[in-house]
Amino acid sequence: MSKFSEKKEYLLNNATYKLLPFKFDRLNSQKYVLTNLSGEFTVIENHELEKIVNQKLSPEDSIYSHLRSRHFIYEPADKAAIQLLALKARTKLSRLANFTNLHIFVVTLRCDHSCPYCQVSRQSEDKAAFDMTKNMADRGLDLVFRSPSPALKIEFQGGEPLLNFELVKYIVLEAKKRNEKLNRDLAFVIATTLSLLTDEILEFCKVHNIFLSSSLDGTEELHNINRPRAGKNSHQRFVEGLSKARLALGFDSVSALMTTTEQSLPQVKSIIDEYLRLGFTGIFLRPLSPYGFAIKTKKYRAYNTERWLDFYKEGLAYIIELNKSGIRFTEQYTSLILTKMLTSNDPGFVDLMNPAGIGIAAVVINYDGGVYASDESRMLAEMGDDSFRIGHIEYNTYEEIMLSDKLLDALENSFTLSVPMCSDCAFEPYCGAEPVYHHAVYGDAVARKPESEFCKRNMAIFKHLIELMHSDAEAKQIFLGWANRC
Amino acid sequence: MARESSVLIFDEHFYSIDAIQKAAYRFIHLYAVDFAHKDSKIECILTPTQEISAEGNEHYLNEFKKEVLDQHLRIKIKNETEEVRNLILGIAFSNSGLLADE
């Protein structure tokens with residue numbers, strides 16, 4: 001005779017379990033994926049779904065304890081279940097209360113590169129036409145310090161911001177001066193090709209703890225095709241700049257982003273190998289954005305979502321194999337998604353936020369004083385569409401900018417919990433509203449999600465990652481490491 | 001290859017119009033859907049928006065039926081968990097400084 005009663009005897013008065021809010025979608029023809037209110041997921045067999053929903057599951061069933069511990073179901077006597085789920089949901093959304101963290105200053109549109117996929121840069125010597133002035137910078141800083149966020153990041157973008165480095169210096173020094181009284185956690189980033197780095201610039205960056213964010217598209221041949229400049233030596237200048245910057249600022253003070261062009265598609269492994277060769281510990285496999293010159297030069301339509309997904313999956317498989325062989329390397333977009341899937345934290349990546357990250361997570365102060373809801377918004381404006389130009393730093397107050405109808409309407413209309421299909425999608429906790437993308441491509445901040453390439457791309461990635469974790473225990477361990485990086 | 005309409009009939013004793021409409025929305029990239037209500041039956045007339053093979057059409061019609069069942073279960077979960085969902089969100093945002101009457 002057993003010392004313990006059957007599991008079902010522990011249910012109070014033999015009552016049945018109750019459902020907690022969860023959503024589900026088909027993972028493949030045999031399985032469903034379930035996600036709860038805080039984004040925790042589980043995978044079940046098709047036949048188990050009706051049983052769960054119709055409360056026919058027995059405590060003896062193998063998935064019962066799992067569903068209970070992950071907050072998909074609860075027993076009437078489970079007093080902590082609701083409190084715990086609420087705590088997790090609240091933690092996920094805690095970033096919202098801080099409001100805008102990232103402030104992008106476009107200090108010039110001038111650039112020494114002429115990348116065919118670039119959204120905004122200008123090959124111009126006319127400083128007056130495309131450079132931000134000190135007065136604009138001062139008004140921009142007024143906006144920065146109105147944000148209630150305890151952490152403020154100022155990112156300098158262009159064009160090539162080093163072509164207006166005097167203004168970068170001015171903004172850094174002025175921001176630090178103002179911050180002496182305000183005591184925010186202040187950080188600076190320069191988005192640069194590294195081609196114009198000098199010892200003087202590096203010295204300034206070292207003194208003021210400035211991080212450099214750069215671009216590397218792959219091997220020398222591919223990089224130089226994608227990122228042309230006079231002298232045809234973009235890759236060589238990048239490598240020289242990288243070496244100098246690491247020496248001056250520290251090895252981890254420079255990051256790189258890649259952009260996928262048609263030429264990149266057959267060579268994902270060699271692109272990753274180039275990142276490894278240059279000592280990077282991760283790569284962001286990034287598709288082209290539907291803005292600016294990428295549209296004008298027809299680069300954006302050069303490949304479709306399916307082809308990019310093949311590229312991504314091939315790259316991810318290679319990176320997983322590298323990790324299995326003992327080489328630590330991450331795919332950064334995957335890492336952001338895994339943080340949302342496997343932890344209670346939200347990494348605050350603007351493309352994958354709901355409410356959308358426009359304005360409330362990031363804001364752009366353009367060289368001409370225009371304020372935009374995101375980097376993509378100002379790129380859209382360069383195409384003649386100022387739908388997300390939410391004000392001007394000289395003529396509008398902080399309140400007028402942040403409470404503008406353009407911003408609030410876009411945030412409200414694209415809120416995924418009230419958008420058709422998103423509202424009942426199991427992957428909604430991992431996804432984002434992306435009103436600017438949908439407006440740019442479909443002329444509507446919401447768009448029909450079954451037709452959305454953004455939806456297709458991200459759903460395919462979410463399913464792929466869950467299937468990988470379900471079928472490959474070692475891959476799951478690697479992914480847990482990516483999601484829980486210090 | 002053809003663009004002929006197909007008709008699927010659902011009994012409203014088992015499926016709500018809400019579930020059927022939500023399923024139709026998920027297939028908006030494949031079919032234009034018209035609805036008709038006769039006796040206690042809901043008719044869905046699905047017209048492909050582009051040419052489709054007979055096998056492809058049959059596959060998607062079967063998927064549509066599965067989706068209607070999924071939507072039916074989603075609505076059931078949503079209704080059954082409404083109270084606890086509001087309770088959880090209420091607890092999550094209490095004392096957060098985000099509500100007007102705190």
Q.
With heavy-atom distances below 4.5 Å as the criterion, would you say the side chains of A:Pro21 and B:Val84 are in contact?
A. yes
Q.
Within the 4.5 Å heavy-atom criterion, are A:Thr339 and A:Pro347 side-chain neighbours or not?
A. yes
Q) How about residues 15-25 of chain B versus chain A: which residues have heavy atoms under 4.5 Å apart? A) B:Lys22, B:Tyr25
(Q) Donor-acceptor pair, distance only, cut-off 3.5 Å: does the side chain of A:Asn304 make one with the backbone of A:Arg307? (A) yes
**Q.** NZ/NE/NH1/NH2 to OD/OE distance under 4.0 Å, A:Asp61 and A:Lys51
**A.** yes
Q: Taking heavy atoms only and a threshold strictly under 4.5 Å, list by residue number the residues of residues 58-77 of chain B that touch chain A; give 'none' if the list is empty.
A: B:Lys66, B:Leu69, B:Asp70, B:Gln71, B:Leu73, B:Arg74, B:Lys76, B:Ile77
Q) Does CD belonging to B:Glu83 count more than 12 external heavy atoms closer than 6.0 Å? A) no
Q) Has the side chain of A:Asp78 got a donor or acceptor atom that lies under 3.5 Å from a matching backbone atom of A:Ala80? A) no
Q. So which pairs with a foot in residues 25-59 of chain A pass ring-ring contact (aromatic ring centres under 6.0 Å, His included), sequence neighbours left out?
A. A:Phe24-A:Tyr32
Q. Just wondering, do A:Phe72 and A:Leu19 contact through their side chains at under 4.5 Å, heavy atoms?
A. no
**Q.** Structural part of A:Leu85 lying under 4.5 Å from a heavy atom of chain B
**A.** both
Q) Taking C-beta and beyond as the side chain, do A:Glu75 and A:Tyr64 meet within less than 4.5 Å on heavy atoms? A) yes
Q) Would you say the side chain of B:Pro48 lies within less than 4.5 Å of the side chain of B:Glu4, judging by non-hydrogen atoms? A) no
Q) Side chains of A:Val43 and A:Leu27: closer than 4.5 Å at any heavy-atom pair? A) yes
Q.
A side-chain contact here means heavy atoms from C-beta on lying under 4.5 Å apart; do A:Pro355 and A:Ile360 qualify?
A. yes
(Q) Between A:Leu93 and chain B, with a heavy-atom cut-off of 4.5 Å, which part of the residue counts as in contact: side chain, backbone, both or neither? (A) side chain
Q) Is A:Glu453 salt-bridged to A:Lys456, going by a charged N under 4.0 Å from an acidic O? A) yes
Q: For residues B:Thr81 and A:Lys18, determine if any side-chain heavy atom of one lies less than 4.5 Å from a side-chain heavy atom of the other.
A: no
Q: Anything in residues 26-39 of chain B with a heavy-atom distance to chain A below 4.5 Å? Please list those residues in order.
A: B:Arg26, B:Ile28, B:His29
